[in-house]
Structures are given as C-alpha cells and as structure tokens.
**Student:** 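Let me give you the structure first, and then I'll get to my questions.
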Amino acid sequence: MTDKLIYLWPEVTLFITTCLVMVLGLSPQAEVRRLCAWVSAVGLTVAAGLAANGEPDPNALLPNIMPFAKVVIAAVGLLLLMLLAGTVDREYEADIESGKTKFNPLRSNRAEFYSFFLFSLTGLMLCASAESLIWLFLALELTSLPTYIMVIISTRGAKSQEAGVKYFFLGALGAAFFLFGFSLIFGGTGATHFDDIADSIAANGINPILTLGLLISMIGLSFKIAAVPMHFYTADVYQGAASPVSAMLAFVPKTAGFIAIITICAAVGWNYGPNHTSLPEGLRLVLWITAALTMTVGNMLALRQRSVKRILAYSSIAHSGYMLVGVIAGPGPVGGSFTSNGLAAVLFYLLCYGFMNVGTFAVLASLKHADGSEADDIDDIRGLCSTHPLLGWSMVLCALSLLGMPPLLGFVGKLGLFTSAISAGEYAIVIVLGLNSAIAAVYYLRLIVTPYLDKPAEQDVLRVEKVGIITRPMVAVISAASVIGLVLVAQPLIEASSRAGVATRHGDVHAVEQAAALRDDINEPRP
Amino acid sequence: MLDLAPIAMTLAADSPAAVASAPAWVMLIPAMPMIGVVLCTLMSIMGVRSKLPAFVTVACLAVSFLLTVFMFTGHSEGWATAVGWEWLHYSWGDGNGQNFTANFAFAVDGLTILWMLFVTGLATLIALYASEYMATDVGQGYNRFFIAFNLFVFSMACLVMGSNLLMLYLGWEGVGLCSYLLIGYYYKKPEAVAAAKKAFIVNRIGDVGLALGVYLAFVHFGTIEYTELFASEKLQGYLHDAAEGHWSHIPWQASAIPLFLMVGAFGKSAQLPLYVWLPDAMEGPTPVSALIHAATMVTAGVYLIARTYPLFQVSEIALPIVAWVGTLTALLAATIGMAQFDIKRIMAYSTVSQLGYMFAGLGVMTSVGAGFHVLTHAFFKALLFLACGAVMHGFAGQLDLRKLSGLWKVPGWRIVTIGMFVGCLNLAGFPLTAGFFSKDMILAEAFVTPGFALIGWILLFTAGLTAYYTFRVFFRVFVGPVEYHAGDDHHGDDHAHDDSHGDDHDAGHGFHPHAPGWAINFVLATLAVCSIVAAGLYFIGDHGWVAGMIHDSTAHIDPHGDEAGGSHGSAALFGLDPHKAMYYISSVVGIVGIIFAYAFHLHGRKSAGEAPAADAFKAALGPIPRWAENKWYVDELYQFLFRGPLLVLSHIFRYVDMLLVDGLVNLMGWLPYAVGGRLRRGQDGVLQSYAASMAGGLALFLLVILLLVNQSA
C-alpha cells in the first residue's frame, strides 16, 4: 500500500485542499469565505503539477493512464471551477453585505459546494489510480455522492431539488447494479485486485459467472457515462441543475465511468476474437450494443428539443456512445500509434469533450433572463453573435467542434475513434458512428445557425442579459479558444494520450517485454 | 504526341540534397502581417476612426519586406527550412504513405525568395496607396479593409513559404478567403457581392483539383514535404524515365497528380475555362485589384506549377496542356480586352492574358521566363491598376474610356500619366522595357521548343493585340483633347467638393477632379521606377538575375544543350536563332500595335466619346466587336451549360430533401419523441418508472447478449 502512495500525491493534495476549503467557507469573515475559490484553484494547480510529474506505474494494467488522466482532470477541473464560482450564495452574500441578515453557517452553502466539487474530483483521480474492485467502487461513489448534493444546492428552486433527489435514487440503483456485477466478478475469479483477476483469467479462462459479472458491471457503469439503458435521468437532471453544475455532471461522472470501464476491460484483456485483439464476445457485444443504441438514441432524442440544456444532455449521451467505440477497438497492436489505439482515442476524446462541452454550458451559464431565471430555450441564444459576440462565437465554435468539424478539436478526437475502430476491424460500428455523426449535425447546426444567422429576439419578449459573474464568459472564451488552439499543439497531446492508452496484457509475450522496457525507461534517469 | 524526350530534365539529383536550417527569424516574415491582423482587429474593436490602421499595416509589411531582403542576402544555395512547430503526425504503419506529417514549417529556396520579395514589397507600397485611396471610408470599413489586407499577405506568405503542400493549401484557401472578403468589400453593392460569390465558387472548382492533387501526391509518394518529396527516389526514377522517353514506366497515378494540381492553378490564376471570375473581381477596391488580382494572388497558380515542376515533368501531357491552355487564354482574353470600354476591366483581361503567357512559358519549359514575367508583370500591372485607381478615385468612379480624355493636361495628373505611360510601354512590350525582355524569353522559348512553334505564333500575334489595347487606353484617356465627365460615385463626388470650389460651374458639369495626393503619387512614381529598373535584372548574371533564383529551386530545368549558343538545328526562325531574332520581331510587333492604336484612337480624335477611325473600323468588322465586347458570351454559355442544369438539379434535390430526407429525419425524430412522450405521460416525473426502465433494460440486455453469445459459441 505504501508503495502505491507515490502515485497518489495529487489526490492527497486535493483532499487537503478540500478540508481547508470546508473550514474557510464557514468563516464569519466574508473576505476569508471568498478565499474558497482561490484556495481550490491553487489546490487544483498543485495537483495538476504533481500529476504531470507523476511516474507511470509499471505494475498496473494501464501503466501510463494515471498521469495523463489526472492532468486532464485537473485542467478541466480548473475550467469547471471558474464556471462554478459564484453559483451558490450570491444573493445571500449580497444580503450580508448590505446588512440585511447576519452570516449563518447553517444557511451558507459555499463551503459544501466547493469542497464537494473537490471531493468529486478526488474520487475521479482515485478511479484512475484504482488497483482493485473495492477501491474502484469506493472511488466511483466518492465521485458521485457529492454531485447529488451539488445538484440540489445549485439553485434555490424546487426544480434542482427534484432533479437532485431523482439523480440520487437512480444513482444508487446504478451503483447497486455495478456493485452486484463487481461481486460476481469476484465470485468468478476469487480475486478483487485487477492483477489477480487478470492472472486468474489468463490461467483459467472465462467462466459464466465472470461473464455475467462483467455484463452487469458494464450495464451498471453505463449509468455513470449516461449510456443506454441507464440514460433516462440525464436530460431531467441536467435541466434541473444550474448550468455550471450540468457542465460538471457531463464531464466528471462520465470520465469516472470511462476510466472504470477501461480498467475492467484491461483486466480481461483484448486477447480474444479471431486476431486476438478484441474483448471476449459477451463483453464486446454488450459494449457494441450499448454504443450503437446510445449514440442513436441520444442523437434522435436531441433532434426535436427546444431546450438547449436538454440538447446538450442528449448530445452528452451520444458522445458516450462514440467513446465506447474506442473501448471496443481496444489498445490495438503493441507499439501501435494513436490511430490504432482505441484507448488513447477515448482518453484524448475525453479531453476534447471536456473543453468543448464546458464551453457550450458556459455560454448558457453566462446568460440569464431579466427576471433572473436561467437561459435555456433555443430562442435565448437567437442572434447571440450580434448581441454578445464573444459568447455567440464561443457557442458557434464549441458546437462546431462537438459536431466534429475539421479542423477543430472535436474532429481530431473523432478521427482517432474512427481510425482505431477501423484498424481493429470493427467496420459495422464505424458505419453506425459515421451515420450518427451525420444525424448529430442536424441539431448541432441549430446551435450554430441560431446564434449566428438568426436575428436577435424582439425587444418585447424576455431578453437575455449577461450574468454579473465575469469568470463564466471567460470560461466560454477559453474553451472556444482551446477548441482551435489545442489543435495547433495536438501532436504532444496525441503522443501523451497514446502513451496513456498502452495496456499491458497478461500472457502476452510482447506486452511483458514492453512492460519490462517501460520499467527500464522509468528506472533510467531522464536525460 | 509531342516529343519532349530530347530535353534533358533532371532536378535535385544534382542540386544539393542537404537541407540547411534557415534562421528562425524568417518565420517573422509571415508573422508580421499576422501581427498586423491582430493590431487592426484591436483597433477595430476600439473603434479607431483614423488612418492609424493603414500606417500600422504599412509598418508591419515594411518590416516583413526588410526581413525578406535579409533572407535574400543571407541565402545560399539549396533548401533552408525553419520549423515552427510539429503540428500533426499520424502514422498507421511503417509503409509508404502510412505516415502523415504536417509541420507548421517554412522552406526557403530561390523561388520562395523571388516570390516573397515582390509580394511583401508590393504589399507595402499598395498598403501605402490604399491609406489614401480608402480614406473616404475611414472608420469600421477602413479597419476591416486593412485586417483583410494583412490577412491576405499572411496567407500569401504561408502559401509561398510553406514547407509542404498542406501549408500551400492552407495559404491557398486563405488567399481565396481574403480575395472573397475584399472583392465583396462594398457589400452594399449587389454587383460586388455577386462578383465575390462568383470568385469564391469558381475557385472552389479549382481547389477541389488542388486538394485531390495533394492527396494523390501523398498517397503515391508518401510525403508532402517538399524536401522529401522532390528528393524521393521514386520521383527521381520517374524523372529519369521521362528524360529517357520511357513514359510507359511511369504509373498513371504519378502522371495524374499534375493534372489535378493544374486544375487548382487554372482556378486561382484565372485560366481557361475558369478565368471568368477575375474580370468581375474588379468590383473590389482598386488597391485590392492591384495587389491580389494582378500582382500576387493570381500568380499563385504559376508558383504552384513552378514549385511542383518535377511532378509536372513526369507526365507526358501535363506541360503541353499547360502551354496550350495558357496560350489560348492569352489570345481569348486579349480579344475581349480590345473591345471593352471600362479601363479597369481592360486591365483585368490583360491580366488574364498575361497570366496566360506565364502558363505558356511554364508549358514550354522556360520556368525562368515565366518567373521573370511574373516579376515584371507584378510591377507594371500593379502600376497600371493603381494609375487606373487614381483616375477612378479622382473622377468619382468614372472608368469609361469614352468619357475621359486628355488627363495629361489636367492639373495634378502628370505623375499618374507618366506612371500609366511607363506601365503601358511595359505591357505593350516596347523595346528595352522589362516587359519586353520577359515576354521575349517566353516567345523565344516557344519557338525553340520542338512542337510548340504554333504556340509561338499565337503568342506573337497576341503580343500585337496587347500593344494595341494597351495604348488604346492610353491614347483615349490620357492624351488628346481635354474632356471629362464625373462618374456616379457620389461618395467620391462629395469628397471632390471639399476643396471649397463648390460654386465654380464653369466647366459645364460642375465637377472638379480630385487630384491624387502624396501617397498615391509616391507609390506610382516608385512603381514606375521599379518597372523601368526591372529591365536591368535581365542583364545581371548568366541569363538574368531571375534565372539565378529559379535555378536554385525546384523549378530549375537543365537548359537543353547550350542555350546561349542556340545550337538547336531544328528550331531556327527565318534562319536565325529565335532567342536573337525574337528581339527584333517582337519589337516590330509591339510598335505596330502601338501605331494601330495611335491611328485609331488618337489621330483625328476631337472628343472623348468619338474616335472616327476606330468607329469606322469597328463598323467594317460587323458584329464581331460586339461579340468581343460581350466577352464572346462565355458567361452566358456557362449559364446555359452549368448553372441552368445545376439550378434544375438543385430544385430536384430540394424536393427530394424536403420530402424524403426531411421526412425520414422527422419520422426518426418523431418516433423516439412520441415514444418518449408516451413514457413521460406514463411516469409523470415519477422516479419509479425510470428505475423500472433501468432494471428492465438491464434484464433485456442480459437476455439478448447471453442468447447471442450462446448462439455464436
């Protein structure tokens, strides 16, 4: 256990920050309370730095996933933090300022809000470090539990409370499913450590209990990534929560789910099928069907929505389907490059998705109606390019990127998914993916055309205006800039994700050699 | 087919293969205009309402030009590359064509330097000219103009300096975009918008060709980096085969590449059949016409072919096609130019025609001649356009040569007239001007190259036509009796009246031409001097300075045999070496053209509108001049052949789309919606239904998958 500790410094940092923020947020002095966001930012930055300098774990099934995933988590986490800042307690703090009320720690939500956000990110990083089923389960729940509360406290209205309660109960059900699946995996192999599970599978093959356990785990985990058949909650919850929290929900649990799915698949290994490069048939089928249904259902449901948040919720479902294609494709041949490594494609896509999705939500979060309610209807972004050019163009760019338009970031991400699936011989799912990308264009183009081409709404209808929180439009602009800018520096990112996507395979001579070589690399001092 | 085999074609085999690294500051050459874009954008955001953006632009471009000069002086032979950053590197195997690298990198050789020198130099001068020319628009329009102007220079620099075909493509699209933006600068004018659209769409056709060519080059040769591509053994092998005449040894893919690239070049450089956009592009502000649509962007096609000359040499038919297309374009455009009345349009057709010469030059294997003509043409055509622009600026948009006459004698128009005269002499190929030498190189080479004599004769005839229409403009507008009528551009009109002579109506039409200011005069004078001095380049070095630059690049061809000695027995003209004979023949042709123009348009002309001799001659020719004036009805032909059928097709597709595709999409959208609606009604926001669906989904999934797995097992 202690030898594992060297990989966990980012988590430790975040945890310490969390505790600090929780205390600071309850301070009677307003100035100290305001420090919460800053301290969180510092904590995240330090964690990102530690993660970037983190060492690969040569004994793990996915030796390089930790540094990459944690840096991505911290980077997108910083963006989310900027977006989340100022979501809770705005009016309450204003009241205290004007002397209307006094500070009451029981009434204030600030401490919880920031610390739960950091807790969630801590859980997410722990998912990437997980080495056993139990660890993975606890990490997943640490990721999810705070988000339930964040949904509830994100607005003062009843809608978010309803959404939060729904999310909590359904989340518990999903957790029950994959916990049941985990226990069956344990039943089938007699092990909880991924290493031992892999060894057991290599030695004894796959038995029916294990298959059942894997299937149920995958279906249960599809709750986290909002995939069919566990996607029902998505639109309701995203719409009920405040936009910044919705943005977080679309990234944090999804990333946790994907990391968990990749980890479990890596324990089973892509050693089956005719070329010994795919997952066992049952596991491959469940992912295949889930992927195909998820992207299709997500895109179909998004077509006729009027609420931008619901469109984005369904788009988030569809994107989970896209990314599952990369998991099906697997890590590809040993020593292969980005274009044949599906895991690298998924990890890279998570990064892309983080930026472009946060960007779209940030645009929504930056707008409100005159009566203070959130902007959500498609009419609210009508003509945004002429009324609020920066926000409008951010929306256009992020939506174009979500659509996968070359040369934006989303295109580079999607390219990896396509090429890896093709090189793995999964042509059918590639066709489904292609068709769905085309269908998705219908509703993404609405998000592009409405702000860009349409005239702004007339004066007499409820006009949208900018919210008074400067960080939110900043997040929108940063995301939009990243959608272009990261393409220009795509090469190092692609290389990093290709490294992160390397899976060592038990019973595979090459992989053992590769792992040994990797270990040598690590032991040698860097030039 | 034409036999090119005797002409030895080798490249790069004997040029130094080692790639030197260029100093990092060469990247500042494209970066400076980009900084200009940023600064002008900032000024636009801040709402600057002064000439500041123009002077910032001039400063940025001047720095860029100076750096280019340093690049020139510091350059030694061969390639020098500067890598900005590694952009994308994809590989899906180790084989040929399975590694795709696109670097944001710049490669410098003689060709690059030649192009960059005149691109940045002219851009600086024309930006200065535009600072005055666009002055009536100071404010947002002015800022917008200079943003696009800078962006154009940046794109052009990427196009010319890029180290691979993808960078070239990037720049290619960039200049296309800027051209579109600037043609449509007066976006309230329907003609300008239509012209911008036309330019953009016609260029798309060419760009498809270019994209396919680049793609095919990558697939076939496995790289699009110039330094690797032109040194690749495969290409060298083909070149060897081509030199030996073994055309059948070259796979069709390799010989198809130039055919695709050529389409791109024809689109951008306004050659048959894609030339139709360029004359209409004159709707843009005149500095734009001068810089983009005369001097620089339209020579991108010439650059492309010169840059990928080795690729063109591995196809038996590519260069002959280029030669013929260029020749026919030159002739056709010249005939149209003869019958036009709008002086800017005449210059536009003349540009198309002169570009035809450059293509013909490339086609008959004188990349040196083509390159030299590009350079001289850039100067004198920019000069001509800017002089026309000064007229347009001063006479409230008047461009009809029947409504202007004798500007020489109007006060303040001396420099413009002199500039115009110098430009006309060059364009007409008057002996000992720069245009004369560069045109002669192409003409002589056409006679020298076996099988291309007919091209030589056509080009020679066209040279006569060129001299005629050029001096038609000069004799009508700048000399003769003084007479002028204002155009209908009231914008300029108001400006003219600012000179506090508003009550002076003695001229009968109450209009005072607005003589050009210092910036316009300075630029015109500078360009006139450059045009004259450019002739001197012909006498530097072995076969001229340009030859030195071209020989140090991919456009280099081994001169066949002994060029200076003219040992080609087969290619004699009236028993003389064509290189020598051409000086005399083309002098005579040019002067004859000028004499015709004098006889028709100056001799005995009493007013601006009527030239008795020309009108009589026109009447004698019957309907032909009218056909020429209507541009041989090519636009109408295209309308009939392409636009009409496409319109019908688009209507058909619209209905297919509306009924079938929309129907399907709506159905597919409606189905889940309806299902979802039913579900929603059933659950009414109640949590249990979601949970039940989840559990049911789980059960269903398990059932299906276990059945499938068992079946397959």
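Keep in mind that the numbers below use all heavy atoms, side chains included, and drop hydrogens, waters and symmetry copies. Note on naming: letters A, B, ... go to the chains in the order of the sequence lines (proteins, then strands), and numbering restarts at 1 for each one.
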**Student:** Determine the option with the most heavy-atom pairs under 4.5 angstrom with chain B, choosing from A/T211, A/V489, A/I216.
**Tutor:** A/I216
**Student:** Starting at CG of A/L285, measure out to CD1 of B/I705 and round the result to the nearest 0.5 Å.
**Tutor:** 6.0 Å
**Student:** Within this structure, what is the CE-CZ distance for the pair A/M230 and B/F701, rounded to the nearest 0.5 Å?
**Tutor:**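 That separation rounds to 8.5 Å.
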**Student:** Could you pull out all residues at least two apart from B/E225 that satisfy side chain to side chain donor-acceptor pair (under 3.5 Å)?
**Tutor:**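 Per chain and number, B/E225 pairs via side chain to side chain donor-acceptor pair (under 3.5 Å) with B/S163, B/N164.
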**Student:** Within a radius of less than 6.0 Å around OH of B/Y215, do more than 12 heavy atoms belonging to other residues, nucleotides or ligands occur?
**Tutor:**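 Atom OH in B/Y215 is not packed in, count stays at 12 or less.
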**Student:** Picking from A/F177, A/F169, A/W288, which has the most non-hydrogen pairs under 4.5 angstrom with chain B?
**Tutor:**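 Of A/F177, A/F169, A/W288, A/F177 has the most heavy-atom pairs under 4.5 Å with chain B.
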**Student:** Answer yes or no: are there more than 12 heavy-atom neighbours, outside B/R204 itself, under 6.0 Å from its atom CZ?
**Tutor:** yes
**Student:** With a sphere of 6.0 Å drawn around CZ of A/F180, does it hold more than 12 non-hydrogen atoms of other residues, nucleotides or ligands?
**Tutor:**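 Open: at most 12 neighbouring heavy atoms sit under 6.0 Å from CZ of A/F180.
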**Student:** Report the distance from atom CG of B/L700 to atom CD1 of A/I289, rounding to the nearest 0.5 Å.
**Tutor:**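 The CG atom of B/L700 sits 9.5 Å away from the CD1 atom of A/I289.
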**Student:** What option among A/L173, A/L170, A/T296, A/V286 has the most heavy-atom pairs under 4.5 Å with chain B?
**Tutor:** A/L170
**Student:** Measuring heavy-atom distances to chain B, does A/T290 have an atom under 4.5 Å in its side chain, in its backbone, in both, or in neither?
**Tutor:**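 Both parts, backbone and side chain.
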**Student:** Counting a contact as any heavy-atom pair under 4.5 Å apart, which residues of residues 405-424 of chain A contact chain B?
**Tutor:**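 Listed by number: A/V412, A/L415.
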